[in-house]
Amino acid sequence: MQEMTTVLATVIHDLFGADVKAELTRPEPQFGDYATNVALQLAGRVGKPPRGVAEQLVEKLREAYGERVSDITIAGPGFINIRLSDSALATAAEAAPTTPPQQFKGQVIVTEYSDPNPFKVLHAGHLYTSVVGDSISNVVEKAGGNVHRVNFGGDVGLHVGKTMWAILQELGGEHPEKLQDVPENGRSEWMAKCYVAGTKAYEDDETAKAEIIALNKRVYQLFADNDHESPFAHIYWTCRQWSYDYFNVFYKRIGTPFEKYYPESEVAPLGLQTVRDQQAKGVYEESNGAVVFDGEKYGLHTRVFINSQGLPTYEAKDVGVLMSKWRDYHFDRSIVITGNDIDEYMKVVLKSVEQYEPELARRTTHFTHGNVKLQGGVKMSSRKGNFLRAVDVLDAANEANRAATGRDDERAVLGAIKYAFLKQRIGADIIFDPKESVSLEGNSGPYLQYAHARARSVLVKGGTAAEHLAELDELERPLARKISEYPEVLEKSAREFMPHHICTYLYELAQIFNRFYEHAHVVGDPREAVRLKLVSLYADVLQDGLGLLGIAAPERM
RNA sequence: GCACCCGUAGCUCAGCUGGAUAGAGCGUUGGCUUGCGGAGCCAAAGGUCGUAGGUUCGAAUCCUGUCGGGUGUACCA
C-alpha cells in the first residue's frame with residue numbers, strides 16, 4: 001500500500017510536476033482494489049479535462065506497477081481504479097496479520113485515563129475510559145510506540161474531606177479500631193455511602209461544611225507532616241488503601257492494567273510550586289485571595305489554581321501531573337482521556353502550561369468522551385448518588401448474557417461491554433444496551449468471538465494449510481482483499497487514536513468471511529489447502545484485532 | 001449571555017484530511033437448512049444526512065447563520 005502510493009506520487013511528479021497529494025483509497029469492491037481521484041484534482045491545475053489526465057496517468061501507471069496489477073481503468077468523471085494481480089493480493093493478505101505499520105516506532109507515549117478518585121466509587125464513566133484508554137494504548141503499542149499507561153487520582157481534595165467527615169461520624173470520632181467493624185467485602189460501598197452523606201452535609205449544613213473544609217486541610221497536613229501515626233492518619237491511610245485495593249481488583253477484573261498511579265498527593269507539591277514560581281513570572285496572578293490563570297485573554301475561562309486557603313485546586317494538581325509525567329518519561333506524546341465535562345477546563349490548564357513549557361503542552365493531546373447511559377435509563381449524578389456505577393454495567397451485561405445463553409461467561413460479558421463501548425467513535429455519549437451488547441447476532445463482541453472460535457474449529461478439522469495463497473478464485477478473492485486491508489486500518493486507528501475503526505473493520509471482515517463460508521467448502525474441497533490458509537489468516541486477524549480491543553478470542557465457546 | 005461537544009433510516013451507530021447509487025446492526029417483511037459450529041446466507045421496505053445560505057466541477061463531509069439536546073462558565077473534581 002505504502003509502496004503503491006509512492007509509485008503513484010512519482011508518476012504524478014514525472015508527468016505533471018504538480019503538488020497533488022498522491023492518495024490511494026479503498027473503493028467499492030466492484031471498482032477494484034484501490035482507487036485514486038488525483039486526475040480530478042490535477043485537471044484544474046493543469047488545465048486539461050480530467051479524463052485526459054487520467055489516461056496519461058494510467059499509461060504510466062501500468063508500466064510502473066507492472067506485475068503487481070492486473071487491470072487499471074478509468075471510470076466516471078476520472079477516477080482511476082486499480083485491480084491487483086492475484087499474486088500481489090496474496091502477498092498483501094499473507095503479510096496482513098503480522099506487519100502493522102510502525103508509525104510510532106522509537107517514540108515514548110504516555111497515556112493517562114480512567115483517573116478515579118480514592119474515597120469515591122467507580123462509575124460507568126471509569127469503566128468506559130479504562131476500556132477506551134487501554135485500547136488506544138494497545139493500538140499505539142502495536143504501531144511501535146513505547147507506551148506507559150498511567151492513572152491520576154485524587155487522594156487529597158475536598159471530596160476526601162467530605163468522605164472523611166462522614167467516616168468520622170460513622171466511627172463516632174477518631175477511632176480507627178472501629179474500621180474493623182466494616183466487612184471486608186463491603187468496604188468500597190461503605191466509603192461510597194460516606195461520600196454521598198458527606199456531600200449532602202456539605203450542601204445542607206453550614207457547620208458540617210466548615211468542618212469538611214477543615215478536614216480537607218488536615219488531610220494535606222498529613223502529607224506535610226508525613227503523619228502515619230495519629231488516629232486520624234490511621235483512618236485516612238487505611239481507607240485510602242481500601243480504595244486502591246478496590247481499584248486494583250477492578251482493573252484486574254476488566255483487564256486494563258496500569259504501570260503507575262499518580263496520586264494527587266504526590267503531584268500536588270510540584271504543581272503548587274510550579275504555579276507559585278510562574279506566578280512570580282506573571283503567568284498566574286493573585287485575584288480575591290486566590291491564584292488564577294486569566295484564560296479570558298485566550299478566549300477561555302479564568303480558573304483558580306490555588307484557592308484562598310492556599311491549597312492547590314484540581315488545576316494546580318493537573319499542572320503537577322503534567323510536569324511529573326514530563327519529568328518521568330520525557331514523552332514524545334502524552335494522551336489524556338477524560339469525560340467531556342473536563343474539556344474547557346483542560347484547555348485552560350494547557351494554555352497556562354504552554355506559557356512556560358511550550359513543548360510539553362504541544363506534545364499533549366486531550367481526548368474527551370461522552371457519558372455512558374443505559375438504554376432508556378436516567379442521567380447520572382455522582383453527587384446525588386443516583387448514578388450508574390461500573391459494577392451496575394457489569395451486572396446488567398452479565399444478567400443479559402445469562403438470560404441469553406443460560407450461563408455465566410465473564411469473557412463474553414467483558415467482550416460484549418468492551419466492544420459496545422469501543423465500536424462507537426470517541427466523543428459522543430454512549431447509549432449502552434446490555435441486551436444488544438451480549439447478543440450473539442449482529443455487531444457485537446460475542447459475535448466476533450464466536451466468529452473466531454468457528455474459524456479455529458474449521459482449522460482443527462481441516463488438513464494442512466497451503467504455505468502461500470497463490471491464485472484466488474472469485475469466492476476467495478473478496479476475503480483475501482479484506483484481510484489485506486488490516487494494516488491500513490491499524491495505521492488509521494493509530495494515527496487518529498480511534499479504536500472504533502478496528503471494530504468496524506472486524507465486523508465487515510466477519511461478514512465477508514461468512515459470505516465466503518456460506519458458498520465455499522473448505523474441508524474436503526479440491527482447494528482445501530489454499531482455503532485453509534485463508535481461514536487461518538482470517539482467524540489471525542480477528543484474534544489480533546480483538547486483542548487490540550482488549551477482548552479475548554477463545555478457541556472454543 | 002459566552003464557550004465546547006453532539007444532531008445521518010423507527011432505534012443504536014459507521015461514513016466527516018470534499019469525490020462514483022449515503023452504509024451497517026437491531027426491528028419489520030419474504031426466501032434458503034439432510035450445513036466444515038445456520039450465533040449464518042440471499043432479498044425487500046425504510047433517509048429533504050436538524051435547518052437556511054455560502055465555497056466548489058463536486059458537500060453528510062469545509063465556512064457562516066439558525067433551531068434542538070448535553071456540558072462548562074473562579075476558589076469541586
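Here is how names work: the chains are called A, B, and so on, in the same order as the sequence lines, proteins then strands, and each is numbered from 1.
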Checklist entry - So does Thr302(A) get a side-chain nitrogen or oxygen closer than 4.0 Å to the phosphate oxygens (OP1/OP2) of A74(B)? => result no

Next on the checklist: Over all strands shown, is His159(A) touching base, sugar-phosphate only, or nothing at heavy-atom distances under 4.0 angstrom?
Outcome noted: sugar-phosphate

Next on the checklist: Tell me whether the ring of Phe79(A) lies stacked over the A20(B) base, given a 5.5 Å limit on centroids and a 30° limit on the plane angle.
Outcome noted: yes

Next on the checklist: Any base atoms under 4.0 Å from Arg515(A), or only sugar-phosphate, or nothing? Heavy atoms, all strands.
Outcome noted: sugar-phosphate

Checklist entry - Base, sugar-phosphate, or nothing for Ile342(A), non-hydrogen atoms under 4.0 angstrom? => result base

Next on the checklist: Within the 4.0 Å heavy-atom criterion, would you say Ser287(A) contacts the bases, only the backbone, or no part of the nucleic acid?
Outcome noted: base

Checklist entry - Within the modelled atom types, does a donor on one side and an acceptor on the other bring the side chain of Asn81(A) and the base of A20(B) under 3.5 Å apart? => result yes

Checklist outcome for this item: Leu42(A) atom CG is separated from G19(B) atom C1', nearest whole Å, by 14 Å

Item to check | Base U21(B) to side chain Gln30(A), donor-acceptor N/O within 3.5 Å cut-off | outcome: yes

Checklist entry - Is a donor-acceptor contact shorter than 3.5 angstrom present between the side chain of Asn443(A) and the base of G25(B)? => result no

Next on the checklist: What's Asp429(A) touching, base or sugar-phosphate or nothing? Going by heavy atoms closer than 4.0 Å.
Outcome noted: sugar-phosphate

Item to check | For U71(B), the Watson-Crick or wobble partner whose two distances fall under 3.5 Å | outcome: A3(B)

Item to check | Interatomic distance, Leu422(A) CG vs A14(B) P [rounded to whole Å] | outcome: 12 Å

Next on the checklist: Which residues pass the salt bridge (charged side-chain N to carboxylate O under 4.0 Å, His left out) test with Glu508(A), not counting sequence neighbours?
Outcome noted: Lys482(A)

Checklist entry - With a distance cut-off below 6.0 Å to the six-membered ring centre and an angular limit of 45° from the axis, does Arg240(A) pair with Phe119(A) as a cation-pi contact? => result no

Item to check | Touch class at under 4.0 angstrom, heavy-atom based, for Ser457(A) against every strand present | outcome: base

Checklist entry - Is any NZ, NE, NH1 or NH2 atom of the basic residue among Lys347(A) and Asp343(A) found under 4.0 Å from an Asp or Glu carboxylate oxygen of the other? => result yes

Next on the checklist: Both distances below 3.5 Å, Watson-Crick or wobble geometry, any strand: find the nucleotide opposite U33(B).
Outcome noted: none

Checklist entry - What is the distance from CD of Glu441(A) to C1' of A24(B), rounded to the nearest Å? => result 15 Å

Checklist entry - Under 3.5 Å, is there a donor-acceptor pair between the His452(A) and Arg456(A) side chains? => result yes

Next on the checklist: Quick test of the criterion, 5.5 Å between centres and less than 30° between planes. Is Phe31(A) stacked on A20(B) or not?
Outcome noted: yes

Item to check | Counter-base of U61(B), judged by Watson-Crick or G-U geometry with both distances under 3.5 Å | outcome: none

Next on the checklist: Does G18(B) have OP1 or OP2 under 4.0 Å away from a side-chain N or O of Gln41(A)?
Outcome noted: no

Next on the checklist: Below the 4.0 Å mark, does C76(B) have OP1 or OP2 next to a side-chain nitrogen or oxygen of Lys162(A)?
Outcome noted: no

